[in-house]
Amino acid sequence: MPSLLAKRLPWTKAPLIINAPMANSATAPLALAVKRAGGLGQIGSTNDLAALETELQTLSTSSQLTRTSDGLLPIGVGFLAFLANLDRAAEIVRKHRPAVVWLFAANELGDYAAWAERARQASPASMVWVQVGNVASAVRVAREARPDVLCVQGADAGGHGLARSAGLVALLPEVRSALEREGLGDVMLVGAGGMADGRGAAAGLALGAEGVVMGTRFLGARETKLHPVWREAVLAAKDGGQETVKTMVFDELRGESVWPEGYDGRGIVNESSEDFRTGAGMEHVRKQFTEASQQADGGYGVGGKGRAAMWAGTGVGLVTKEQSAAEIVEEVREGIIKALEEARARS
Ligand SMILES: Cc1cc2nc3c(=O)[nH]c(=O)nc-3n(C[C@H](O)[C@H](O)[C@H](O)COP(=O)(O)O)c2cc1C
């Protein structure tokens, strides 16, 4: 039976697969391909909202994308709330009316209420989704911002998240229970963090998620914009707890981190993270990075010898080949059904 959420995204097929709105990497081609495969395709953004506008313009004028009966563009748009200008973001939402406005990493949890309100004023039919990483913030954001959906992000996630975080297996059910206890059970949940194939995604659904958000798996998608060395590193990496690391180092390479307090990021172990782990001071790590980034390869290096950040989650070991985004969506969707049937047969 399709989830309640899938019904609000009428072009999607169940189980619902969603690509994470990865800033600089999830652009129009990925969102379009995921949408066409029956998932929720999303675009990420930074503080450069002009770049986002360009991507949205491409999609708005694409003959391959028709608006929903509510007049919405059938994709999601991610905003980093600590970084993006709210007035400008609201203007973009008003102009393009994406089906989903995804918010993450506000400076203060209280900021989400203003963002949600502005998004709703700008495009009343759009849904507001907020990505959160612990139980207390899920409850507070649900109460104050009244999002349609909370994306519960576990510690295995690639890219940024709370430094103090739990894996999705414990986190998502505790969030669900807490919301119900607080009378906020109408907020729908999707999960993120560590789900990279049908088995992990099936587990996410079993935990109570109405959809599966994947970032790392889509780093293997041809439509995702990625430096070739980064993609090779993702395809080569195994044993994600060993070959990725959750750290502040990658955010400090260019100077003080600009992320809100409490956030760090998970990326592939490289010379920057190894030097820091083995005792080199941040000044030294930064200097080495600055020199490396002036090389032709931009500091990515080869064979894990680079110094530039390559964000990826612990699911990297399950991303072994480059594929089209459509293949990924279909493979994971079929994999979920197979995994659930097999689990049923064993239970
Ligand atoms: C390369 C990369 C970039 C990301 N950028 C963003 C971003 O700009 N905004 C955001 O809300 N989340 C971002 N995330 C986090 C995702 O929203 C999501 O939580 C994560 O990818 C899920 O875990 P997974 O990587 O194990 O699939 C990023 C993740 C990755 C891997």
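Read the numbers this way: they start at 1 and go in the same order the structure lists the ligands and their atoms.
The distance criterion of under 3.5 Å between nitrogen or oxygen atoms is not met by M22 with respect to ligand 1. Polar contact check, L219 against ligand 1: no nitrogen or oxygen pair lies under 3.5 Å apart. At a 3.5 angstrom cut-off on N or O pairs, T216 counts as close to ligand 1. Of the N or O atoms in A20, none lie within a sub-3.5 Å distance of an N or O in ligand 1. The shortest N or O to N or O distance between P21 and ligand 1 is below 3.5 Å. Taking distance alone, with nitrogen or oxygen atoms compared against 3.5 Å, W102 approaches ligand 1 more closely than that limit. Residue G313 has no N or O atom closer than 3.5 Å to an N or O atom of ligand 1.
At the top of the distance list for atom 8 (O) of ligand 1, counting protein heavy atoms only, stands A23 N, 2.9 Å. The protein atom (non-hydrogen) at minimum distance from atom 14 (N) of ligand 1 is G158 O, 4.1 Å. Looking from atom 27 (O) of ligand 1 to the surrounding protein, the closest heavy atom is G215 N, 2.8 Å. In terms of protein heavy atoms, atom 26 (O) of ligand 1 is closest to G194 N, 2.8 Å. Given atom 22 (C) of ligand 1, the protein heavy atom at minimum distance is G193 N, 3.5 Å. F104 CD2, 3.4 Å is the protein heavy atom nearest to atom 10 (C) of ligand 1.
Shown here is Q294, whose CD atom has more than 12 heavy atoms of other residues, nucleotides or ligands within 6.0 Å. Annotation: E174, atom CD; neighbour count of heavy atoms from other residues, nucleotides and ligands within 6.0 Å does not exceed 12.
The residue from V175, V141, L103, V139 that alone fulfils the side-chain contact (heavy atoms from CB on, under 4.5 Å) condition with V132 is V141. Here the options are T66, I75, L40, the test is side-chain contact (heavy atoms from CB on, under 4.5 Å), and the partner is W11; only L40 passes. Screening F276, W259, W311 for a ring pair (Phe, Tyr, Trp, His ring centres under 6.0 Å) with F250, the sole residue that qualifies is W311.
Remark: I18 CD1 to Q42 CD distance equals 7.0 Å, nearest 0.5 Å.
S324 and R222 share no side-chain donor-acceptor pair at under 3.5 Å. A donor-acceptor contact under 3.5 angstrom links the side chains of R36 and Q64, judged on distance only. Neither side chain, R307 nor Q295, offers a donor N or O lying under 3.5 Å from an acceptor on the other.
Among residue pairs with one or both ends in residues 288-302, those qualifying as salt bridge (charged side-chain N to carboxylate O under 4.0 Å, His left out) are K287-E291; sequence neighbours excluded.
If you look at Q131 next to ligand 1, the close heavy atoms, those under 4.0 Å, all belong to the side chain. Residue contacts with ligand 1 for L80 involve side-chain atoms from C-beta outward but no N, CA, C or O (heavy atoms, distance under 4.0 Å).
Against a heavy-atom cut-off of under 4.0 Å, Q153 is close to the following atoms of ligand 1: 15 (C), 19 (O). Those atoms of ligand 1 that come under 4.0 Å of a heavy atom in M214, given as number and element, are 27 (O). The distance from ligand 1 to the heavy atoms of A192 drops below 4.0 Å at these ligand atoms: 19 (O), 22 (C).
Ring centroids of H227 and Y300 are separated by less than 6.0 Å, placing the two rings close together.
Here Y112 pairs with nothing under the ring-ring contact (aromatic ring centres under 6.0 Å, His included) rule; sequence neighbours left out.
Using a 4.0 Å cutoff on heavy atoms, G315 does not count as a contact of ligand 1.
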